[in-house]
Number of protein chains: 2
Amino acid sequence: MAPTKSAEAAAAPVTRMGAGERRELVLEAATRAFARTGFAGTSTDAVAREAGVSQPYVVRIFGTKLDLFLEVYRRAVGKIAAAFRAVLDDGQFDPDSEDDWTRLGNAYTDLLADRDFLLVMMHGFSAGSVPEIGAAARGCMSEIFTIVTSTGCSAEAARDFIAQGMLMNIMLAMGAAEHLDESPALAALTECAFGEAMAVVSPPR
Amino acid sequence: MAPTKSAEAAAAPVTRMGAGERRELVLEAATRAFARTGFAGTSTDAVAREAGVSQPYVVRIFGTKLDLFLEVYRRAVGKIAAAFRAVLDDGQFDPDSEDDWTRLGNAYTDLLADRDFLLVMMHGFSAGSVPEIGAAARGCMSEIFTIVTSTGCSAEAARDFIAQGMLMNIMLAMGAAEHLDESPALAALTECAFGEAMAVVSPPR
DNA sequence: CTAAGAAGGCATTGAATGATTACTTATATG
DNA sequence: CATATAAGTAATCATTCAATGCCTTCTTAG
């Protein structure tokens, strides 16, 4: 019954992991956990279990649950901002071109494959009553608005673009895609909000 | 030092309150509390303190924190839906009339005076991982979409209208109006998102 | 005036939670 | 091989939280 040392040396985590590597793993686990249940609704223990690590260890790495969330949050925002910049940096963007806006929108819907980033961003918005999170959320929104308006578009165009994104976040958070059958109205709005990206968001059936 | 009975009989709560009346008071307090810190982030004790009542009493009235939240949530959604219906029921709505859409938008921004309803709705969206709340949130979104499309407008028009509302909710939740000075970008987006309603949302300076 | 019922607080409790401390085990370096 | 250091856990603590039960106080009907 005692595990044979040699047999599982390869597969089992007998080997220690570098601190940086483990930290990364925990950050990813925390992203999934926070994406599901938000800041207040997620315990450090839930994060630890998701990462396959002991609870004290996750607080040792990050100091505080809030610190951990902020780091997860900044990562998510960074990913999202980077996705936008990737579209805008190469070539030039024409605010009057329907196609260019579609390209920018696709940069967002591509993130749906890893919805956790969008969900974390969303949870940051609604945890605005925690001062540090509120500040981070406002910074996030400012950054995105700045990026979008850097195309030279009007403030209204940027607002409309962002608003569509926020609607998608909300539909995701409420689990609309998983419950299309609940209500025809919900299904119609979901399809209309996600458009081409429905395939990514909705299970293949 | 002992309070004179006769003197404060009028002002002080020496008199008992009807259960229904008290229940109403607690519901309002709970609305404020949940609006601030959401479902997971609000303790029944916080609600009790806000209502000036003991913690066990609030759970006695509503059975469970979740039950309380759901009741608060349904009330908020009801208010919002009613505001829309009030605009649509009298006279007829022309989906091609810019003015009519403005009227409908104003119905929403009028609710900003009591931002608590919108914030509660918002928190319901992001607490979608709690099954009952998720279901209620999807019901809310379905209802609103149904109301808006009952004007005969296209699904896309309804989606755009709702998306603007969701953006406002998010800006509210992150405290954008209270921190306009933090970033010019945030200020620009806020003014652009709220338009005429800025006066309501932002302190009179 | 008294008894019954309703309104509401107080004390408590068991489970979670965030965080700390001390201990163990693996890795690398002399 | 020995030992310092890094990786990680087990045990524990103080709080906080939702929920239950019992008691007190007010009101009202007889």
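To find a chain, count down the sequence lines: A is the first, B the second, and so on, and within it residues start at 1.
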- Write down the distance between CD1 (B:I61) and C1' (D:dA18), rounded to a whole number of angstrom. 15 Å
- side chain to side chain donor-acceptor pair (under 3.5 Å) pairs, two or more places apart, involving residues 47-58 of chain A: A:R32-A:E50, A:R36-A:E50, A:T44-A:Q55, A:D45-A:R49
Protein-nucleic acid N or O pairs under 3.5 Å, nucleotides 4-6 of chain D:
none

- Task: Kindly state each residue pair satisfying salt bridge (Lys or Arg N to Asp or Glu O under 4.0 Å) with at least one member in residues 139-160 of chain A, sequence neighbours excluded.
- Result: A:R85-A:E143
- Query: B:F125: what forms a ring pair (Phe, Tyr, Trp, His ring centres under 6.0 Å) with it, not counting sequence neighbours?
  - Reply: none
- Partner set under salt bridge (Lys or Arg N to Asp or Glu O under 4.0 Å) for B:R60, not counting sequence neighbours: none
- Per-nucleotide protein contact string for nucleotides 9-22 of chain C, where B marks a base within reach and S marks sugar-phosphate only (heavy atoms under 4.0 Å, - for neither): BBB-----SBBB-B
- Message: Considering only residues two or more places apart or on different chains, which pairs with a residue in residues 183-192 of chain A satisfy salt bridge (Lys or Arg N to Asp or Glu O under 4.0 Å)?
- Response: none
- Whole angstrom value for the distance that separates C1' of D:dT25 from CE of B:M17: 16 Å
- Message: Any side-chain to backbone donor/acceptor pair from B:T64 onto B:D67? Under 3.5 Å, distance only.
- Response: no
- Task: Can you run down the side chain to side chain donor-acceptor pair (under 3.5 Å) pairs that involve residues 108-122 of chain B, sequence neighbours left out, and say none if there aren't any?
- Result: B:Y108-B:N169, B:R115-B:E178
- Item | Protein-nucleotide distance (B:F62, atom CZ; D:dC17, atom P), rounded to Å | 19 Å
- Message: According to ring pair (Phe, Tyr, Trp, His ring centres under 6.0 Å), who are the partners of A:F39, at least two apart in sequence or on a separate chain?
- Response: A:F69
- Query: What pairs of residues pass the salt bridge (Lys or Arg N to Asp or Glu O under 4.0 Å) test when at least one of them lies in residues 121-141 of chain B, not counting sequence neighbours?
  - Reply: A:E182-B:R138
- Query: So what's the dot-bracket for DNA chain C: Watson-Crick or G-U pairs under 3.5 Å, [ ] if a pair crosses, | if it pairs off-strand?
  - Reply: ||||||||||||||||||||||||||||||
- Item | Test side chain to side chain donor-acceptor pair (under 3.5 Å) applied to A:S126 - qualifying residues, sequence neighbours left out | B:S126
